[in-house]
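Okay, so here's the structure we're looking at.
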Amino acid sequence: YATRLSPYYSKLAYHYQMAEDSTRAVDYLLKAAEHAFSVYAFVDATEYMEKALDLLIGDEDRQRRAQLLLSLASGVYIYTGQPDKAVEAGIASFTLWRDLGNPVKEADALLWVAFAFRWQGRESSSLSYIKRAVDMLQEHPEEKALLAKAYVQWATVASFMGDTAVALE
């Protein structure tokens, strides 16, 4: 049933938006984005996600907004060649996660900002965000995978900066 509706998700979102049902409009925009990704239509997916973000304006939407910003920062903007927007979305995401009191998600967003900076060749900026994430994750030993990701990023950035001793460590 869902696959039959896939081509119509954006139209359904539009109609729910016109009916001022922003919750359903966001749901269908995100489904449209997911479908667009599945057919490698990254620009369309980005557009749907940005429209959904524009509808998430209430206090009750902050967590969903933070997650959507994280999704935009963690690849969508990179796929579409917009690393500056990836940095902007990542910063907005980690700020919201901080305000929501979720340091693990905040650290995850910091690492995506670091990745976007590294992708731009801005290693020193990348490194400062990685270090912030590592400091936060030290207080959450249960987050081994995310901490490992942070250290891998740190080693990669150190390698590009020519600091092989730090990279090996």
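- If you check the side chains of Asp84 and Gln120, you find a donor sitting under 3.5 Å from an acceptor.
- Linking Ile, Leu, Val, Met, Phe, Trp and Tyr residues whenever their side-chain heavy atoms come within less than 4.5 Å leaves Leu53 and Ile91 in two separate clusters.
- The pair Lys149-Glu143 fails the salt-bridge criterion, with no side-chain N (NZ, NE, NH1 or NH2) lying under 4.0 Å from an Asp/Glu carboxylate O.
- Tyr14 and Val26 fall into different hydrophobic clusters, where Ile, Leu, Val, Met, Phe, Trp and Tyr are joined by side-chain heavy atoms under 4.5 Å apart, directly or via other members.
- Contact record, Ala109 with Ser93: CB-OG, 3.8 Å, taken as the closest heavy-atom pair.
- Gln67 and Lys105 share a side-chain donor-acceptor pair at under 3.5 Å.
- Side chain of Ser22 to backbone of Leu55: no donor-acceptor contact under 3.5 angstrom is found.
- Taking the six-membered ring where the residue is Trp, Tyr16 and Tyr28 present parallel rings, their angle staying beneath 30° rather than reaching 60°.
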Report the C-alpha distance between Trp154 and Val166 in whole Å, list the side-chain angles of each, state the deciding distance to 0.1 Å, and finish with yes or no for side chain to side chain contact (heavy atoms under 4.5 Å, CB included).
CA-CA 8 Å; Trp154 194 338; Val166 169; 3.8 Å; yes
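- Under 4.0 Å is where a charged nitrogen must lie from a carboxylate oxygen, and between Arg65 and Asp59 no such pair does.
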Should Arg118 and Tyr129 be marked as a side chain to side chain contact (heavy atoms under 4.5 Å, CB included) after you check the CA-CA gap, both sets of side-chain angles, and the distance that decides it?
CA-CA 10 Å; Arg118 167 58 204 101; Tyr129 282 89; over 6 Å; no
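- By the rule that hydrophobic residues join a cluster once side-chain heavy atoms approach within less than 4.5 Å of another member, Ile57 and Leu68 end up as members of separate clusters.
- Around the CD atom of Gln63, the shell of radius 6.0 Å holds no more than 12 heavy atoms that belong to other residues, nucleotides or ligands.
- Using a distance-only test at 3.5 Å, with no hydrogens or angles considered, no donor-acceptor pair links the side chain of Ser126 to the main chain of Arg122.
- Using a 4.5 Å cut-off between side-chain heavy atoms of Ile, Leu, Val, Met, Phe, Trp and Tyr, with links allowed through other members, Leu96 and Leu72 fall into the same hydrophobic cluster.
- Other residues sharing a hydrophobic cluster with Trp97 under the 4.5 Å side-chain heavy-atom criterion for ILVMFWY residues are Leu70, Ile78, Leu100, Trp112, Phe115, Trp119.
- Checking side-chain atoms of Asp135 against main-chain N and O of Arg132 turns up no donor-acceptor pair under 3.5 Å.
- Both Leu111 and Leu127 are members of a single hydrophobic cluster when ILVMFWY side chains are connected at heavy-atom separations under 4.5 Å.
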